[in-house]
There are 2 protein chains.
Amino acid sequence: MTTTAAPATMDDVAALAGVSTSTVSRALRDSPLISPSTRERVQQAAAQLDFALSRAASALATGRLGRIGLLVSGALSTWFNASVLDAAYATLREAGQELVIYSTKDDADRSDFFARLPAQRNVDALIVASFQLRPEEYARLAELSVPVVYLNQQVEKSASVFIDDVAAAALGTRHLVNLGHRRIAYVTTRDPEGFTFSAARRRDGVEQAVDQHNRSRPEDPATTWTVTVDATGGGIEVGQLAVGQLLGGDTVPTAVVTESDEVAMSLIPALQRAGLRVPTDVSVLGFDDNVLAPLFDLTTIAQPVAELGRAAARAALTLSLHGAEALEQPHQQLPTRLVLRGSTVVPRPAA
Amino acid sequence: MTTTAAPATMDDVAALAGVSTSTVSRALRDSPLISPSTRERVQQAAAQLDFALSRAASALATGRLGRIGLLVSGALSTWFNASVLDAAYATLREAGQELVIYSTKDDADRSDFFARLPAQRNVDALIVASFQLRPEEYARLAELSVPVVYLNQQVEKSASVFIDDVAAAALGTRHLVNLGHRRIAYVTTRDPEGFTFSAARRRDGVEQAVDQHNRSRPEDPATTWTVTVDATGGGIEVGQLAVGQLLGGDTVPTAVVTESDEVAMSLIPALQRAGLRVPTDVSVLGFDDNVLAPLFDLTTIAQPVAELGRAAARAALTLSLHGAEALEQPHQQLPTRLVLRGSTVVPRPAA
DNA sequence: CTGTTAGCGCCTTCAG
DNA sequence: CTGAAGGCGCTAACAG
């Protein structure tokens, strides 16, 4: 079935190159304390024997694990998580580090993680991706003997990399208000685990933009309200449920802001099946700039997900290698921008 | 910035529990060689001190790394890769193993992986996800002292978990032929790295189904041809390029089979923008049953991606724990099925 | 059931 | 620049 020949050991390499194991170790790690010629010879011997250093043994000897953890909530296959993972992985890999995933799909996973703290002594740093923790959980992470980097949330005494969700959502909402929309619904999903709390901040942004408009133009007020859907995931259910609530209420919106592109992309076909044209009857604004957003011609607020992942990984590397003092910007805010596509237009005169 | 208190050691736990470190070790691993009461006492002490075993040290002592590698090509954020990763991760995690990603985005990464074989001595088993290797690369993996499980390809002397791409595509194509389609294009993407070779087998399936029809009903022949697009990714470019080639040729298809749902989802809006209605003017058939397929009302051939990931992970676990003999089914073929939605209909009479 | 002893494979002194 | 020796934290084998 599968080969199981014993792999070469460092001694084999040392013997083949005619040196000691210390020399092999140094040569393989490109230590400056070694002559180019023996280094070359050793590396060839290692290649010839398919020898690779045991990371476990190196870790034990040096005290550096060469591994950085990524704590994620929800499925790894959501666009956000997968994009962050992809970017963080690439950055760590360039630095010769591995990425260890700690994924918590449900409350059980989550309590388990916080009860056992498996990251303790097993990674050099931990990135906590975009989800809200309970106060005791923050406390728990602070007790960790490993530096933590928060992604998409600011945490007082830790490093963090994030966007301004409130400002971003306000920006998008202003765009709708400026187009003339006065009935703007915000669609969010119920979040069973208390995860993805960015959604709440985005709602604040929507309300903020509407309030601001109403203060400056009280004679032409806009209203906004929130519709919370009891479903998650990228399927069509979210959209269908949202449509029901959107059309079943007292007022029907002329524009909808969604917590994410995934929700928007689910909503658009659902609206269409309900007989509403997008954008003619309803404008739809997304959040993320998911790769798929262009397929729906979706106007959206872009957040630099890959850059968030990279920045978090870089911060984690810096913290693990050089400590907190070495981190120039403990709190890094990354820019968002409005990406104009075809899903948002001036509301119909009738409206 | 971040706490860096020294974490508790095993000696601390031993002292607190009033036992030796061996006992601590045994208690923490739920060894049966220990009395419930001391186990309890030790575990409490460990919890109190936030002590976690060092996986690196355990690995060194036992020779078992507790880590399984996943070699992937292309972005981790594609639906396929992310879904496999998610499922494999979940399975490994239940078994207390970690997942180590080896992702090769380009040829450089790839040669690097095969040159250095970083998986050697660093994982207990390796899963190679869905991509075609060069003969020398297969040979290289066979030299590895670690068992390999291939996902979505059969490899003679290794374990593998896969679907029958040919039969699956033929099934979908038969559906179109049965609806009455006689001009069926297959849309695939150029694959710079030689990755995702399933696409070629799917084309074979399309051709096979058409041939079969033509043999049984020579008086009413169908034709098929392949359109290869020079782009990849989930954006709209793929679809736009495909539409150009689809409409620019001698014959215009009444139905299109795509190598994946991602291509189909890119194609549908592109067709619509070109003035063609889906499915009225053109039927579109996907492959995968991506979560997003329902949003496009896409008829598609479902492959059990999560189950592929799980099965591969289980096989990897079995191989690493009990060796090749313990694997009941070295070659596991998983079923596919046609998922009927609205994107495929009877062709217009005019056609 | 529990403690003692040795060693996993590497890296880091310290000598040369 | 290179070799010898010890120890990183844990577990397996052995004794009790």
Side-chain angles (χ1 to χ4, degrees), chain A residues 6-43 45-46 49-67 96 98 118-124 145-146, chain B residues 6-43 45-46 49-67 96 98 118-124 145-146:
Chain A
T9 70
M10 205 163 184
D11 287 317
D12 297 335
V13 179
L16 181 58
V19 294
S20 71
T21 55
S22 319
T23 301
V24 172
S25 171
R26 291 192 269 248
L28 260 27
R29 285 175 301 132
D30 287 317
S31 159
L33 306 171
I34 210 160
S35 80
S37 67
T38 60
R39 166 182 339 203
E40 178 60 23
R41 194 151 37 90
V42 170
Q43 292 188 340
L49 298 174
D50 287 341
F51 174 82
L53 287 171
S54 156
R55 297 186 72 102
S58 305
L60 193 56
T62 59
R64 316 211 74 266
L65 287 319
R67 301 144 40 89
E98 287 178 351
Q120 183 75 288
R121 313 203 315 140
N122 283 300
V123 290
D124 291 328
S145 61
V146 150
Chain B
T9 70
M10 204 161 181
D11 287 319
D12 297 336
V13 180
L16 181 59
V19 294
S20 71
T21 56
S22 321
T23 301
V24 173
S25 170
R26 290 192 271 250
L28 260 26
R29 286 175 299 133
D30 286 318
S31 159
L33 306 171
I34 208 159
S35 81
S37 67
T38 60
R39 164 180 345 205
E40 179 59 23
R41 193 151 36 90
V42 171
Q43 291 188 341
L49 298 174
D50 287 340
F51 173 82
L53 286 172
S54 157
R55 298 185 71 102
S58 304
L60 194 57
T62 58
R64 316 212 73 267
L65 287 319
R67 302 144 40 88
E98 288 178 350
Q120 184 74 291
R121 311 204 317 142
N122 283 300
V123 290
D124 291 329
S145 62
V146 150

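Since this is a predicted model, take the numbers as computed values, not measurements.
Separating the CG atom of Asp30(B) from the P atom of dT11(D) is a distance of 12 Å, rounded to the nearest angstrom. Remark: C1' of dG9(D) and CG of Leu65(A) are 12 Å apart, rounded to the nearest angstrom. For the pair Arg39(A) CZ and dT2(D) P, the computed distance is 10 Å after rounding to whole Å. Rounded to a whole Å, the CG atom of Leu53(B) is 12 Å from the P atom of dA12(D). Here dC8(D) presents its P atom at 14 Å from CE of Met10(B), a figure rounded to the nearest Å. Regarding Arg64(A), its CZ atom lies at a distance of 15 Å from the P atom of dG9(D), rounded to whole Å.
Among the heavy atoms of the strands lying under 4.0 Å from Leu33(A) is at least one base atom, whether or not backbone atoms are also near. Using a 4.0 Å heavy-atom cutoff across all strands shown, Thr38(B) reaches sugar-phosphate atoms only and no base atom.
Side-chain contact of Ser25(B) with Ser22(B): a donor-acceptor pair under 3.5 Å is absent, judged by distance alone.
Of all heavy-atom pairs between Ala27(A) and Ile34(A), the closest is N-CD1, 3.7 Å. In terms of heavy-atom proximity, Arg121(A) sits nearest to Leu53(B) at NH2-C, 4.1 Å.
In this structure, the separation between CG on Asp30(A) and CD on Gln43(A) is 5.5 Å, given to the nearest 0.5 Å. The line from OG1 of Thr21(B) to CZ of Arg26(B) is 9.0 Å long, rounded to the nearest 0.5 Å.
For the pair Glu98(A)/Val123(A), no side-chain contact is recorded, criterion being any heavy-atom separation below 4.5 Å from C-beta on.
When atom types are taken as modelled, the side chain of Asp12(B) and the backbone of Met10(B) share no donor-acceptor pair closer than 3.5 angstrom. Asp124(A) places a side-chain N or O within donor-acceptor distance of the main-chain N or O of Leu65(A), the cut-off being under 3.5 Å. In terms of modelled atom types and a separation under 3.5 Å, the side chain of Ser58(B) and the main chain of Ser54(B) share a donor-acceptor contact.
For the contact set between residues 15-26 of chain A and DNA chain D, defined by any heavy atom under 4.0 Å, the members are Val19(A), Ser20(A), Ser22(A), Thr23(A), Arg26(A).
Here the range on DNA chain C touched by chain A, meaning any atom under 4.0 Å from one of its heavy atoms, is dG9(C) to dT13(C).
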